[in-house]
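The structure appears below as C-alpha cells.
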Amino acid sequence: MAPRPPPLEAFGAGKVILLGEHSVVYGHPALAGPLSQGVTARGVPAKRCQLVLPSTLNRHQRAQLTAAFARAAKVTGEPPLKVSLDADLPLAVGLGSSAALSVACSRLLLKAAGKAPTAKETARVAWEMEQEFHGTPSGVDHTTSVEERLVLYRRKPGTAVGKGRVLACPKPLSVVVALAGERSPTKATVGALRERQARWPERYQRLFKEIGRVASEGAKAVEAGDLAALGDAMNVNQGLLAALGLSSPPLEEMVYRLRGLGALGAKLTGAGGDGGAVIGLFLEPAPAVAKLTALGVRCFSSQLAGPRAS
C-alpha cells in the first residue's frame, strides 16, 4: 500500500487594531498588526470538499461557518479535501478570529487546488468568507492577517476593499493582550453606534475623523520608532472610543490596570462593548504578563513589528 501523503497545512494570523477601529468603516485609516496566535487549517484527501465543524460552535455559528467555507470552496474549484481547524487564538473577543480562519482556509484550499497562495489570491478568497461572517467588513482584519505585518489600512468611500501600507519599525513593538470578560455581539455594538451616528451625524463624523488623524499620527510614530508617541496616541484613541459609547467598566478597568503595570498606552481593540480584548504597549511585556496571569487574567504577549531577538 502506498504511503498516505502528509496533510496540507496553512496558518492565518489573528490581529489587533492599535488605532482606528470603527472609523475605518467610514473611510479613515486604521493601524493594525498581526498576532503570533491564529488559526491553523489542515486538509487530507477526500472524495469531496468538506469542513469538519468544531464541536464548540452553536447552531448559528455552525451555519455561518458552513456558508463561508462553501463560498471559499466554490471560488477555488472545490478541491477534494477534508478540512479541520485548530485555533490557539481566543475567539470572538476582537482579535480577528474569523479573518484568521478565513485566511487559513483560503491558503489551504488554494494549495489543494494547485494554485499559489499569493497574498493577492489569498486575500481575494478570504474576502468571500469575511463577507459571509460580517456582511460589509472594512477589510482591515483579513488584510492584516494575509500580510502578517504591521499595516496602515484605508478603504476609500465607495470602494469595496481598501489597501494596507506595510510599516517598518526600527524598535521592537510588542503588546500585551488581556481579556476583560465576555464581549457583546459585534453586530449589536456596531448597530447601536450606527444609530447614534445617524441621529447626530456631524458630531460623530468629527469623532471618526479625529480617530483617523490619531491613527495617521501613530503610523508616523511607528516609522520613527517613537513608542512613547504611539502609546499616547493609543490613550487618546481610547478616550475617543469611550466618547463613541464603545467602552465599558470592565474594559476601562483593564485599560487602567495595564497602564498601572507600565504600559506606554492601552486601549480596547476591536468592536468594544461589554467586554473583550484590551491591549497595552510595553517595552518589556513579560513582567506584565506574569503579574496578570498570577491574578487570574487571561493574557498573552505578541511582537507586532520591529527587529526580533536572534
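Side chains are part of it too, since the values below use all heavy atoms of this structure and drop only hydrogens, waters and symmetry mates.
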Are any non-hydrogen side-chain atoms of Arg257 and Val278 less than 4.5 angstrom apart? no
Charged N to carboxylate O under 4.0 angstrom, Glu132 versus Lys74? no
Counting only N and O atoms by type, is there a donor-acceptor contact under 3.5 Å from the side chain of Ser23 to the main-chain atoms of Gly20? yes
Candidate list Val177, Val175, Val176, Leu261, test side-chain contact (heavy atoms from CB on, under 4.5 Å), partner Pro285, passing option: Val176
I'd like to know whether Val103 forms a side-chain contact (heavy atoms from CB on, under 4.5 Å) with Thr122, so could you lay out the CA-CA distance, the side-chain angles of the two residues, the decisive distance to 0.1 Å, and finally the verdict. CA-CA 6 Å; Val103 168; Thr122 301; 3.9 Å; yes
Indicate yes or no: at least one non-hydrogen side-chain atom of Leu101 is less than 4.5 angstrom from one of Met129. yes
Grouping ILVMFWY residues whenever side-chain heavy atoms fall under 4.5 Å, the cluster of Leu110 otherwise contains Val75, Val125
Side chains of Thr144 and Tyr153: does their closest heavy-atom pair fall under 4.5 Å? no
How about Pro54 and Leu65: do any of their side-chain heavy atoms sit closer than 4.5 Å? yes
Are the side chain of Ser302 and the backbone of Leu35 linked by a donor-acceptor contact shorter than 3.5 Å? no
Treat each ILVMFWY residue as a node, draw an edge where side-chain heavy atoms are under 4.5 Å apart, and state whether Val297 and Leu281 are in one component. yes
Any donor-acceptor N/O pair, Ser145 side chain to Gly14 backbone, under 3.5 Å: no
Do the side chains of Leu91 and Leu95 join up, straight or via other hydrophobic residues, at under 4.5 Å, putting them in one cluster? no
Taking only residues at least two apart or on different chains, which pairs with a member in residues 226-249 satisfy side chain to side chain donor-acceptor pair (under 3.5 Å)? Asn235-Arg259, Gln238-Ser247, Gln238-Glu252, Ser247-Glu252
Any heavy-atom pair between the side chains of Leu193 and Arg196 that's under 4.5 Å? yes
According to a hydrophobic-cluster definition based on side-chain heavy atoms being under 4.5 Å apart (Ile, Leu, Val, Met, Phe, Trp, Tyr only), do Val146 and Leu150 belong together? no
Check whether Thr118 reaches the backbone of Glu121 with its side chain - one donor and one acceptor, N or O, closer than 3.5 Å. yes
Stepwise side-chain contact (heavy atoms from CB on, under 4.5 Å) check, Arg213 with Lys209: CA-CA 6 Å; Arg213 284 177 177 170; Lys209 187 175 182 179; 3.7 Å; yes
Hydrogens and angles aside, do Ser98 and Glu130 bring a side-chain donor and acceptor to less than 3.5 Å of each other? yes
Leu244 side chain reached by Ile211 side chain, heavy atoms, under 4.5 Å: yes
Judged by atom type as modelled, is there a donor-acceptor pair below 3.5 Å linking the side chain of Glu284 to the main-chain atoms of Pro287? no
Transitive ILVMFWY side-chain link Leu85 to Leu53, under 4.5 Å: yes
Compare all side-chain heavy atoms of Leu268 with those of Glu21 and state whether any distance is below 4.5 angstrom. yes
Okay, side chain of Lys267, backbone of Gly280: is any donor-acceptor separation there less than 3.5 Å? no
Under the criterion side-chain contact (heavy atoms from CB on, under 4.5 Å), I'd like the reasoning laid out for Gln131 against Arg71: C-alpha separation, chi angles, the key distance, then a yes or no. CA-CA 10 Å; Gln131 288 180 93; Arg71 288 178 68 156; 3.7 Å; yes
Do Leu81 and Phe11 sit in the same hydrophobic cluster, where Ile, Leu, Val, Met, Phe, Trp and Tyr count as joined when their side-chain heavy atoms come under 4.5 Å apart? no
Looking at side-chain heavy atoms only, is the closest gap between Leu230 and Leu19 below 4.5 Å? yes
Side-chain donor or acceptor of Arg155 paired with backbone N/O of Pro137 under 3.5 Å: yes
Take Arg42 and Leu108, measure what side-chain contact (heavy atoms from CB on, under 4.5 Å) needs, and give me the verdict at the end. CA-CA 7 Å; Arg42 296 183 177 88; Leu108 187 74; 5.7 Å; no
Test applied, side-chain contact (heavy atoms from CB on, under 4.5 Å); reference residue, Leu31; option that passes from Val214, Leu167, Ile17, Leu304: Leu167
Within the side chain of Gln37, is there an N or O that forms a donor-acceptor pair under 3.5 Å with the backbone of Asp88? no
If you draw a 6.0 Å radius around CD in Glu9, do more than 12 non-hydrogen atoms from other residues or ligands fall strictly inside? yes
